[in-house]
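Since the structure comes first, as structure tokens, the remarks are kept for the end.
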Amino acid sequence: MKVFKLVSGILSIVFSLVVLFQSAAAGIGESLGGASSSDGALGFFVAILMLSGGIVSIAVRGMKKNGGNIAIVVIYLLSALFAFTGGSYFKDLSVWGTFCLIIAVLAIVDIFKKKKHA
């Protein structure tokens, strides 16, 4: 799972930049269009959580204990929660939420896989 954590961390960092730019555009569109949603702000939080999750994922990829995986699960589940609560104006948030949810599920699988081998 070292490779998974490295790849997911790199993808998260790259995708967080994409989400950041998309949320900035959504925020500008919301303010110009007079929308009452706050999807731009939610997208910003999703981007920050994806960036921190990617950094944590890369940093803990060689750990033998489950503390790093638990941190990854919490960060990505929070990110998915923010992404799925928004999305009325910024439709791509559900895509990024799905990405975060997949990584969280794979980190949970890694936790149980380590428990089985211990």
Side-chain angles (χ1 to χ4, degrees):
M1 292 298 261
K2 280 180 158 182
V3 175
F4 154 71
K5 288 181 186 174
L6 180 64
V7 170
S8 68
I10 292 170
L11 285 176
S12 291
I13 291 170
V14 171
F15 288 160
S16 70
L17 296 175
V18 173
V19 174
L20 187 64
F21 288 123
Q22 284 181 339
S23 63
I28 290 170
E30 288 171 348
S31 65
L32 291 177
S36 62
S37 64
S38 60
D39 291 349
L42 284 174
F44 179 74
F45 287 126
V46 169
I48 296 300
L49 285 170
M50 284 177 68
L51 179 66
S52 62
I55 292 169
V56 169
S57 182
I58 291 172
V60 301
R61 71 181 185 271
M63 285 181 61
K64 301 285 187 226
K65 296 189 178 185
N66 283 326
N69 282 334
I70 293 170
I72 291 169
V73 169
V74 169
I75 290 170
Y76 281 112
L77 284 179
L78 266 174
S79 180
L81 178 71
F82 280 139
F84 288 134
T85 56
S88 60
Y89 185 80
F90 180 17
K91 302 289 185 194
D92 288 349
L93 271 179
S94 61
V95 173
W96 303 120
T98 305
F99 171 76
C100 292
L101 194 60
I102 289 170
I103 292 178
V105 168
L106 289 174
I108 291 170
V109 167
D110 190 33
I111 289 171
F112 287 116
K113 194 173 168 183
K114 283 184 180 180
K115 271 188 176 180
K116 188 176 181 180
H117 291 296

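All values reported here derive from a predicted model rather than from experimental measurement.
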Quick check: is Phe112 connected to Ile70 through a chain of hydrophobic side chains (ILVMFWY, heavy atoms under 4.5 Å apart)?
yes
State, with a plain yes or no, whether a side-chain heavy atom of Asp110 is found less than 4.5 Å away from one of Leu106.
no
Report task. Answer with yes or no whether the hydrophobic clustering places Ile102 together with Val3; edges join I, L, V, M, F, W, Y residues whose side-chain heavy atoms lie under 4.5 Å apart. Result -> yes
Hits for side chain to side chain contact (heavy atoms under 4.5 Å, CB included) against Leu17, two or more places apart or cross-chain, chain-then-number order -> none
For Ser12, the side-chain hydrogen bond (donor to acceptor under 3.5 Å, both in side chains) test, sequence neighbours excluded, returns Tyr76
task: Answer with yes or no whether the hydrophobic clustering places Ile75 together with Met63; edges join I, L, V, M, F, W, Y residues whose side-chain heavy atoms lie under 4.5 Å apart.
output: yes
Would you give me the side-chain donor-acceptor pairs under 3.5 Å for residues 43-61, sequence neighbours excluded?
unit_1	atom_1	unit_2	atom_2	d
Ser52	OG	Ile48	O	3.2
Ser52	OG	Leu49	O	3.0
Ser57	OG	Lys5	O	2.8
Ser57	OG	Ser8	OG	3.2
Arg61	NH1	Ile58	O	2.9

Taking every heavy atom of Gly40 against every heavy atom of Ser23, the minimum-distance pair comes out as O-CB, 3.4 Å
Here the ring-ring contact (aromatic ring centres under 6.0 Å, His included) pairs for residues 47-69, sequence neighbours left out, are none
Rounded to the nearest 0.5 angstrom, the CG-CG distance for Leu81 and Leu42 is 9.5 Å
Between the SG atom in Cys100 and the CG atom in Leu78, the distance rounded to the nearest 0.5 Å is 10.5 Å
To the nearest 0.5 Å, atom CD1 of Ile111 lies from atom CG of Asn69 at 5.0 Å
### Task
Spell out, yes or no, whether Leu77 and Val105 are grouped together once hydrophobic residues are joined by side-chain heavy atoms under 4.5 Å, including indirect joins.
no
Residues 4-26 vs ring-ring contact (aromatic ring centres under 6.0 Å, His included), sequence neighbours excluded, gives Phe15-Trp96, Phe15-Phe99
Quiz item: Is it true that Val73 and Leu101 fall in one hydrophobic cluster, defined by side-chain heavy atoms closer than 4.5 Å?
Solution: yes
